[in-house]
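Accompanying notes for the structure given below.
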Amino acid sequence: MTDNAWMRWPSREALSREGVHKARRTLARVTRVIVLALLIATTLTNPDLDGWALAGGITGIVLCGILAWGLWRTTLEHRLLPSLVLLALLLAVAAAGHHAGFRVPALVLLCGCAVSAIERLPLAAALPVTAVALGAYAAFDDDAWLTTAATAVGLALAGYVLRLDAEARAGAQRLLAQERAARAAEAESAALAERARIAREIHDVLAHSLSAQLVHLEAARLLIERGADRDAVLERVVAARGMAREGLAETRQALSALRGEMTPLEDFLGELVATADRACVTVTGERRPLPAEASQAVRRVAQEALTNVRKHAPGAAVQIRLAYGEREVTLDVRDSGGKPGELSGSGAGYGLLGMRERAELLGGSLDAGPDEEGFVVTLKVPA
């Protein structure tokens, strides 16, 4: 259903005082007090009125104040019929006041009704009310017709300008509320993304460390079942302990990375191959710092690939190549192949799958599969 501008109420934000500057509210209150004081003074100083008439005039002013407050409430709640009834009562009080000799208060009340109707009612209802109020003003006013007409037109325009100003203020309030909501949602989204990143980093570190320990502990179990000598079993246990120490060091590295304290990627890869047999690393291209997410992805894929070599091709030679391109960085981990190890069937196979998901989140890719000699893992991430 299309929105009809003639039947549409001014928004509640426009009809309320929300968003009105404190100085403007103060000025409006002072203006109302001055007008009320002038009306009371005019009534009290009218020499043509006796005591009962003065009392009636003061009562009428108080009654108008109550009716005006009620009109403010009913229009704020978008209640058309009560608003029209209150405006009719105000117009009736103005007519009665003029008949009783309160000319100036009556004219002021008619002007207020005309402006308030345009400012606070739907235009379809406001225009008839304004026409009646300004018609009564023209009938009661003793000035020249040209002055009366100019005043009536000015009052109508003033009411419409106030309406437009209130709507503009309400629009600004809605935009401000939407901006605050968007900022809050953005902050919440950023917090959730950061939590996910932290969880992913800790998960990758623990998965790599525990997987490496599992390789050696499973080997120790198999040796014990086969009745191997004590030194062979001890060697595997010591290796598992070394993996636990490495895992702790990697956890500290991950926490440092989350704080932005990462060691250079080349140094990390050098340290990684130093702990592996028959492994080397080559770096090509112009070296430069990588974004934290991209750097972490390269580190985790290199760790996971070496762990897989230990499990599936123990003793194979491993070549790690890190290539800096113009827009991306490529990590290539290639082993020479070999006889599958006793632990090749261990693990759920989720390591490289998790690395692939990490690469895709960064807009990159991860390919893994056999080649002519062994197994190749290739990671590409934007840099």
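Below, each value reflects all heavy atoms present in this structure, side chains not excepted, and no hydrogens, waters or symmetry copies. Being a predicted model, the structure only gives us computed values, none of them experimental.
Two residues are said to be in side-chain contact when any heavy atoms from C-beta on lie closer than 4.5 Å; Leu217 and Arg236 fail this criterion. No side-chain heavy atom of Asp229 sits less than 4.5 Å from a side-chain heavy atom of Val233. The closest side-chain heavy-atom distance from Arg321 to Leu331 is not below 4.5 Å. Residues Pro382 and Arg327 have side chains not in contact (no heavy-atom distance under 4.5 Å, counting atoms from C-beta outward). Within the 4.5 Å cutoff, the side chain of Leu87 has no heavy atoms near those of the Leu89 side chain. Side-chain contact check for Val93 versus Cys64: some heavy-atom pair is nearer than 4.5 Å. Between Leu265 and Arg299 the shortest side-chain heavy-atom distance falls below 4.5 Å. Residues Cys111 and Tyr137 meet the side-chain proximity criterion, which asks for heavy atoms closer than 4.5 Å.
A salt bridge links Glu218 with Arg221: the distance from a Lys NZ or Arg NE/NH1/NH2 to an Asp or Glu carboxylate oxygen falls below 4.0 Å. Using a 4.0 Å cut-off between charged side-chain N and carboxylate O, Glu13 and Arg174 make a salt bridge. A salt bridge is absent between Lys380 and Asp367: the closest approach of a Lys/Arg side-chain nitrogen to an acidic carboxylate oxygen does not fall below 4.0 angstrom.
Judged purely by atom type and a 3.5 angstrom limit, Ser116 has no side-chain atom pairing as donor or acceptor with the backbone of Cys113. Counting only distance, with no hydrogens or angles, the side chain of Ser295 and the backbone of Pro291 share no donor-acceptor pair below 3.5 Å. Judged by distance alone, with hydrogens and angles left aside, the side-chain atoms of Arg163 form a donor-acceptor pair with the main-chain N or O of Ile118 at under 3.5 Å. Between the side chain of Ser336 and the main chain of Ala317, a donor-acceptor pair closer than 3.5 Å is present. Proximity of a side-chain donor or acceptor of Arg169 to a complementary backbone N or O of Ala14 within less than 3.5 Å is detected.
Pro10 and Glu167 get closest at one heavy-atom pair: CA-OE2, 3.0 Å. Of all heavy-atom pairs spanning Val376 and Arg334, the tightest one is CG2-NH1, 3.2 Å. Summarising the geometry of Leu134 relative to Ala114, their closest heavy-atom pair is CD2-CB, 3.7 Å, with the distance given to 0.1 Å. When all heavy atoms are compared, the tightest approach of Ala117 to Val129 is CB-CG1, 3.8 Å. Closest approach of Ala297 to Leu379, counting heavy atoms only: O-CD2, 3.8 Å.
Residues Leu80 and Leu123 fall into different hydrophobic clusters, defined by Ile, Leu, Val, Met, Phe, Trp and Tyr side chains chained together at heavy-atom separations under 4.5 Å. One hydrophobic cluster, built from ILVMFWY side chains closer than 4.5 Å, holds both Val273 and Val301. Note on Leu110: it does not cluster hydrophobically with Leu127, by side-chain heavy-atom contacts below 4.5 Å among ILVMFWY residues. When hydrophobic clusters are built by joining Ile, Leu, Val, Met, Phe, Trp and Tyr residues whose side-chain heavy atoms come closer than 4.5 Å, directly or via intermediates, Val85 is grouped together with Leu121. Residues Leu107 and Leu109 do not share a hydrophobic cluster, clusters being chains of Ile/Leu/Val/Met/Phe/Trp/Tyr side chains in contact below 4.5 Å.
The environment of Glu188 atom CD is sparse: at most 12 non-hydrogen atoms of other residues, nucleotides or ligands sit within 6.0 angstrom. Within a 6.0 Å sphere centred on OH of Tyr324, other residues, nucleotides and ligands contribute more than 12 heavy atoms. Residue Arg288 qualifies as enclosed at atom CZ: its count of foreign heavy atoms under 6.0 Å is above 12.
Donor-acceptor pairing under 3.5 Å is lacking for the side chains of Thr74 and Arg79. Judged purely by distance below 3.5 Å, without hydrogens or angles, the side chains of Asp332 and Thr378 pair a donor atom with an acceptor atom. Between Glu360 and Ser365, the side chains place no donor N or O within less than 3.5 Å of an acceptor N or O (distance only, hydrogens not considered).
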Legend entry - Phe375 and Asn308: CA distance, side-chain angles, deciding distance, side chain to side chain contact (heavy atoms under 4.5 Å, CB included) verdict: CA-CA 10 Å; Phe375 199 82; Asn308 287 340; 5.9 Å; no
Legend entry - Chi angles and distances behind the side chain to side chain contact (heavy atoms under 4.5 Å, CB included) call for Phe268, Gln303: CA-CA 10 Å; Phe268 173 84; Gln303 288 178 324; 3.4 Å; yes
Inset, instruction - Start with the C-alpha gap between Val298 and Leu322, add the side-chain angles, then the distance that decides, and say whether side chain to side chain contact (heavy atoms under 4.5 Å, CB included) holds. - result: CA-CA 9 Å; Val298 173; Leu322 180 66; 4.1 Å; yes
Inset, instruction - Would you sort out whether Glu328 and Val381 count as a side chain to side chain contact (heavy atoms under 4.5 Å, CB included), showing the intermediate values? - result: CA-CA 6 Å; Glu328 67 179 11; Val381 291; over 6 Å; no
Inset, instruction - Start with the C-alpha distance between Arg300 and Glu304, add both sets of side-chain angles, then the distance that settles salt bridge (Lys or Arg N to Asp or Glu O under 4.0 Å), and finish with yes or no. - result: CA-CA 6 Å; Arg300 297 294 167 250; Glu304 183 66 27; over 6 Å; no
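One finds the OG atom of Ser83 at 8.5 Å from the CZ atom of Arg120 (value rounded to the nearest 0.5 Å). Annotation: the span from Leu90 atom CG to Leu63 atom CG amounts to 8.0 Å, rounded to 0.5 Å. Put simply, CG on Leu223 and CZ on Arg230 are 14.0 Å apart, with the number rounded to the nearest 0.5 Å. Atoms CH2 and CG, from Trp9 and Leu76 in turn, are 10.0 Å apart once rounded to the nearest 0.5 Å. Distance check: Leu86 CG to Trp69 CH2 gives 10.5 Å after rounding to the nearest 0.5 Å. Rounded to the nearest 0.5 angstrom, Asp141 CG and His98 NE2 are separated by 8.5 Å.
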